[in-house]
Visitor: 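For reference, the structure I am asking about is given below.
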Amino acid sequence: MSCGVCASCGGEPFRGTLTYTSPAHGGWGVARMGQLLPESYQLFAGPAACGRHGALSACLQGRKDTIAYLYLSEDDIVSGGYERAIADGAEELLAWLEKRGRTPRVMMIFVTCLDDLLGTDHEALAAELHERHPEVRFIDCHMNPITTDTKVPPAVNIRNKIYSTLDVAERKDGGVNLIGSLVPLLKDGEYYDLLARMGAAPARQITDFSTFDGFQQMARSRLNVVLAPPGVYAAEQMEKKHGTPWLRALVSYDPREVTKMYRALAAALGADCPDLSGYEAACEEDFARTREVLDGLPVVLDGDAVTRPFDLARALLERGFRVKRLIVQDVVASDAENYRWLRERCAEVEIIQPQDPRRVLFRDRFPECLC
């Protein structure tokens, strides 16, 4: 058995310890999340080491034309010139963009963990910059892993920052917002069709908009539907600012749970829920066909690849799949019940914490499986 769950850690897979971060780690960093905001530009201010990974990712993913880096030295920090350096850097960047006809509607100023220790007055800084550039909004954003175990970690905070740029709409319409997901839902899936049949249209997601003015339409929706846990805080803040109610309708991989979610959504909209039995039956048929094709091939699930890995593991195990291993850093509250079920019913399933420093040994390879 691997050291993900073993005697050395008392059978508990999750430890609070030093972390190992793979140099190959990619995916959705906070800078990439922020770039979902249309007509925005980012200024990343911090020590060179802090921005290196984000800069390389931006180059590799074709996003480098909407982010600039201001590398701060130790002298900038200890001399007390930190805030002035950021303000001057923003001015220089805006002048460069203006000459090229690319003045953004929003400038997102990213700072690092260092800023949490210095206590920068970002409201004053934003007010100063906005007074000089009234056509641009300035918001402070944070790439600070030290807040990972707080109520507002980076992935939660950046979503809130994005939606904080929505102005209060004069009137609401029949639309709903899909909050929390970083990628668009499939247009040919059942979600949009069922929402329309419940009288909820249009369904809006940030990925639908290429302009900042278009993005403002999301302030008109009558309901926010939260698809992923990091979107809850943003929905709570939007309810305070816009008076828009919200519904937690998180991703699930169990057709029965999906049916319950749609019924809750219909109730929130004051509509009748369409008949879902056909959808549920089709899902079960797909499960059965997939299990037959795999023919016992072990399955490994990655917590970065799916929103609720223990939910998916349970759905597969209950339908006869051979789930061998989960690679998950922690258990989110919305997946805790499924985690308990897994530990009680299927203790043989290995759970590996990817940032445990023991991962640097690269042991416990498992090549013949479906990941």
Side-chain angles (χ1 to χ4, degrees), residues 28-147 154 157-167 206 209-213 215-216:
W28 285 88
V30 290
R32 184 182 177 187
M33 295 179 195
Q35 286 172 326
L36 290 173
L37 183 61
E39 295 188 86
S40 64
Y41 205 99
Q42 298 178 357
L43 174 62
F44 191 103
C50 299
R52 181 173 53 195
H53 172 266
L56 290 172
S57 295
C59 291
L60 291 171
Q61 297 165 353
R63 301 181 288 104
K64 66 178 183 178
D65 60 339
T66 57
I67 186 169
Y69 285 82
L70 173 64
Y71 291 134
L72 300 172
S73 68
E74 187 174 348
D75 289 343
D76 295 320
I77 297 162
V78 300
S79 68
Y82 172 79
E83 291 188 35
R84 189 74 265 148
I86 294 177
D88 292 345
E91 291 279 6
E92 182 181 348
L93 176 58
L94 283 170
W96 187 87
L97 291 169
E98 184 177 355
K99 287 181 180 179
R100 290 157 177 78
R102 296 181 56 196
T103 301
R105 298 292 299 277
V106 180
M107 175 166 282
M108 311 176 83
I109 299 178
F110 273 86
V111 292
T112 66
C113 302
L114 175 68
D115 192 89
D116 289 54
L117 305 176
L118 295 176
T120 305
D121 188 343
H122 286 286
E123 290 187 8
L125 179 60
E128 175 188 338
L129 291 169
H130 183 64
E131 184 176 356
R132 298 178 189 174
H133 305 275
E135 74 282 10
V136 181
R137 304 187 190 201
F138 297 87
I139 58 174
D140 63 287
C141 302
H142 298 260
M143 195 284 290
N144 48 354
I146 62 173
T147 63
N157 188 47
I158 188 60
R159 286 170 169 84
N160 179 53
K161 292 293 184 178
I162 290 171
Y163 293 109
S164 72
T165 63
L166 290 172
D167 296 324
I206 190 172
F209 304 103
S210 58
T211 67
F212 185 70
D213 289 335
F215 169 65
Q216 292 296 319

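Just so you know, these numbers come straight off a predicted model, no measurement behind them. Each residue takes its place number in the sequence, starting with 1. Keep in mind that the numbers below use all heavy atoms, side chains included, and drop hydrogens, waters and symmetry copies.
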Visitor: Please determine if R137 and E39 form a salt bridge, counting it only when a charged side-chain N lies under 4.0 Å from a carboxylate O.
Guide: no
Visitor: Describe, in one word, how the ring planes of F110 and F44 are oriented to each other, choosing from parallel (under 30°), tilted (30 to 60°) and perpendicular (over 60°).
Guide: parallel
Visitor: Would you call the rings of F215 and F209 parallel, tilted or perpendicular if under 30° counts as parallel and over 60° as perpendicular?
Guide: perpendicular
Visitor: Take R102 and D65 through the test side-chain contact (heavy atoms from CB on, under 4.5 Å) and record every step on the way to the result.
Guide: CA-CA 11 Å; R102 296 181 56 196; D65 60 339; 4.1 Å; yes
Visitor: Donor-acceptor check, side chain of H142 to backbone of T112, threshold 3.5 angstrom: yes or no?
Guide: no
Visitor: Work out which heavy atom in T120 is nearest to a heavy atom in Y82; give both atom names and the distance.
Guide: OG1-CE2, 3.2 Å
Visitor: Given 3.5 Å as the limit, does a donor-acceptor pair link the side chain of R52 with the main chain of A48, or not?
Guide: no
Visitor: Please step through side-chain contact (heavy atoms from CB on, under 4.5 Å) for the pair D140 and V111, ending with a clear verdict.
Guide: CA-CA 8 Å; D140 63 287; V111 292; 5.8 Å; no
Visitor: Going by heavy atoms in the side chains, are D115 and H122 under 4.5 Å from each other?
Guide: yes
Visitor: How close do A55 and Y71 get, counting heavy atoms only, and between which atoms?
Guide: CB-OH, 4.2 Å
Visitor: Output yes when a side-chain donor or acceptor of E91 lies under 3.5 Å from a complementary backbone atom of L129, and no otherwise.
Guide: no
Visitor: Please check if the side chain of E83 supplies one atom and the backbone of L125 the other of a donor-acceptor pair under 3.5 Å.
Guide: no
Visitor: Looking at every non-hydrogen atom in both residues, tell me the closest pair between L43 and I86 and how far apart they are.
Guide: CD2-O, 4.1 Å
Visitor: Can you tell me if E131 has over 12 outside heavy atoms packed within less than 6.0 Å of its CD?
Guide: no
Visitor: Backbone N or O of K161 within a donor-acceptor pair of the S164 side chain at under 3.5 Å?
Guide: yes
Visitor: For residues P154 and T147, determine if any side-chain heavy atom of one lies less than 4.5 Å from a side-chain heavy atom of the other.
Guide: yes
Visitor: If you take all heavy atoms of M108 and I162, which pair is closest and at what distance?
Guide: CE-CG1, 4.4 Å
Visitor: Is there a donor-acceptor contact under 3.5 Å from the side chain of D76 to the main chain of S73?
Guide: yes
Visitor: If you look at every heavy atom in M107 and A90, which pair is closest and at what distance?
Guide: SD-CB, 4.1 Å
Visitor: Evaluate side-chain contact (heavy atoms from CB on, under 4.5 Å) for L94 paired with R132, printing each intermediate quantity in order.
Guide: CA-CA 11 Å; L94 283 170; R132 298 178 189 174; over 6 Å; no
Visitor: For residues I146 and D116, report the shortest heavy-atom separation together with the two atoms involved.
Guide: CD1-CB, 4.0 Å
